2 protein chains.
Amino acid sequence: MQERNTLQKRIVHEALIEMACHPTADDVVVKVQSKYPSISRATVYRILNKLADSGEALRIRINNGADHFDHMTFPHYHVHCNNCGRVADVKMPVESLVDLLKDTSGYKIFGYSLQFDGMCPECVKVEEERGA
Amino acid sequence: MQERNTLQKRIVHEALIEMACHPTADDVVVKVQSKYPSISRATVYRILNKLADSGEALRIRINNGADHFDHMTFPHYHVHCNNCGRVADVKMPVESLVDLLKDTSGYKIFGYSLQFDGMCPECVKVEEERGA
DNA sequence: TCTGTTATTGATAATAAATCCTAATAAGGA
DNA sequence: TCCTTATTAGGATTTATTATCAATAACAGA
């Protein structure tokens with residue numbers, strides 16, 4: 001038996017899809033508890049992590065604050081307002097990244113951070129040796 | 001009197017420059033305390049934050065762990081190894097981002113996150129009104 | 001050089017976010 | 001239905017970081 005389809009998983013995933021904004025885990029807890037008061041905070045965190053790991057959701061890390069989550073529909077980027085803390089989608093083609101300062105979306109852009117996730121050559125090697 | 005040039009600031013900044021890796025705040029605390037045992041953890045955090053705010057250092061947020069810091073020399077990106085947790089520089093031109101999967105650097109790239117920091121139109125407006 | 005102001009520090013308490021722990025629960029195969 | 005075990009609830013705990021505040025020390029001016 002691999003993975004179980006629980007009420008909690010369905011409700012959390014559904015809540016994330018419904019929330020068009022970019023909620024923090026805690027936002028999701030509040031939302032979900034309005035429908036299902038007995039759900040545990042740890043459960044919501046666990047399910048959100050699983051969704052993020054499987055690629056069904058995106059985790060957005062913000063300086064000086066909690067992680068935000070985003071139901072993945074299409075590849076896109078995010079702007080974080082340093083003032084109010086809100087996170088919004090950016091529908092900007094990657095190619096124009098270099099023209100950041102000319103952005104006319106109404107956002108004042110101070111900077112950006114790009115981070116790759118993967119596995120370094122050393123770890124790839126170890127993994128391969130273990131597999132072989 | 002604006003900003004004071006203290007021994008602590010000099011030592012922390014110097015340590016960050018010396019550390020070619022991408023240390024966490026705690027790594028820097030350990031390093032700095034080897035030279036200057038009485039320095040406080042809070043002081044190191046405070047100074048690192050100031051460096052990051054002023055653009056002299058870069059804060060790199062990693063899933064599931066402490067922030068890493070990087071002495072800024074030139075614009076570049078980072079790879080985080082999901083396996084060992086190490087962070088390394090990526091000297092990849094932005095233009096080739098779309099060709100991620102063809103990357104031949106030896107890293108297995110699973111994904112990336114790009115995040116802008118700035119101020120949203122609503123906040124820009126409020127700021128302007130307050131200033132005027 | 002001495003002195004006063006105040007930015008900064010050290011030490012520790014406090015906070016925030018997320019995870020761990022474990023008994024209880026319930027999904028779903030037989 | 002029963003059994004196995006993945007999953008949950010709920011609180012305790014951990015980890016990273018910040019707040020607090022008295023003590024210290026930069027540095028401008030006398």
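Convention: sequence-line order gives letters A, B, ...; per-chain numbering from 1. Note that this is a predicted model, so its numbers are computed, not measured.
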note = Overall bend of the helix from C:dT1-D:dA30 to C:dA30-D:dT1 (five pairs an end, 10° steps) is 40°
key: Worked check of side-chain contact (heavy atoms from CB on, under 4.5 Å) between B:H71 and B:H13   = CA-CA 8 Å; B:H71 171 60; B:H13 197 180; 3.9 Å; yes
query = Judged by atom type as modelled, is there a donor-acceptor pair below 3.5 Å linking the side chain of A:H68 to the main-chain atoms of A:H22?
reply = yes
message = Test question: given the 4.5 Å side-chain rule for I, L, V, M, F, W and Y, name all other residues clustered with B:V32, or answer none.
response = B:L7, B:I11, B:V12, B:L16, B:M19, B:V28, B:V29, B:Y36, B:I39, B:V44, B:I47, B:L48, B:L51, B:F69
Proximal nucleotide (of C:dA18, C:dT8, D:dT17) relative to the B:A25 side chain = D:dT17
Could I get the full list of side-chain hydrogen bond (donor to acceptor under 3.5 Å, both in side chains) partners for [X], not counting sequence neighbours?
| X | value |
| --- | --- |
| B:D26 | B:R41 |
| A:R46 | none |
| B:S54 | B:E56 |
| A:Q33 | none |

Could you run down the sub-3.5 Å N/O contacts of the protein with nucleotides 24-30 of chain C?
unit_1, atom_1, unit_2, atom_2, d
C:dA27, N3, A:R4, NH1, 3.4
C:dG28, OP1, A:N5, N, 2.9

ask   = Pairs in or reaching into residues 1-11 of chain A: which pass salt bridge (Lys or Arg N to Asp or Glu O under 4.0 Å), with residues at least two apart or in two chains?
value = A:E3-A:K9
Presence of B:Y45 side-chain N/O under 4.0 Å of D:dT17 phosphate oxygens OP1/OP2 = yes
key: Under 4.0 angstrom between B:Y36 side-chain N/O and C:dG10 OP1 or OP2   = yes
What integer distance in Å separates [X]:[atom1] from [N]:[atom2]?
| X | N | atom1 | atom2 | answer |
| --- | --- | --- | --- | --- |
| B:D67 | D:dT18 | CG | P | 8 Å |
| A:Q33 | D:dG10 | CD | P | 9 Å |
| B:H13 | C:dT8 | NE2 | P | 16 Å |

remark   = For B:D27, the salt bridge (Lys or Arg N to Asp or Glu O under 4.0 Å) test, sequence neighbours excluded, returns none
request  = Taking all non-hydrogen atoms of both residues into account, name the closest pair between B:P23 and B:C21 and its distance.
outcome  = CD-O, 3.2 Å
Tabulate atom names and distances for all N/O pairs under 3.5 angstrom spanning the protein and nucleotides 11-16 of chain C.
unit_1, atom_1, unit_2, atom_2, d
C:dA11, N7, B:S40, OG, 3.3

message = Nearest 0.5 Å, please: how far is OG1 in B:T24 from CD1 in B:I60?
response = 11.0 Å
query = Near DNA chain D, which residues from residues 47-55 of chain B have a heavy atom under 4.0 Å away?
reply = B:N49
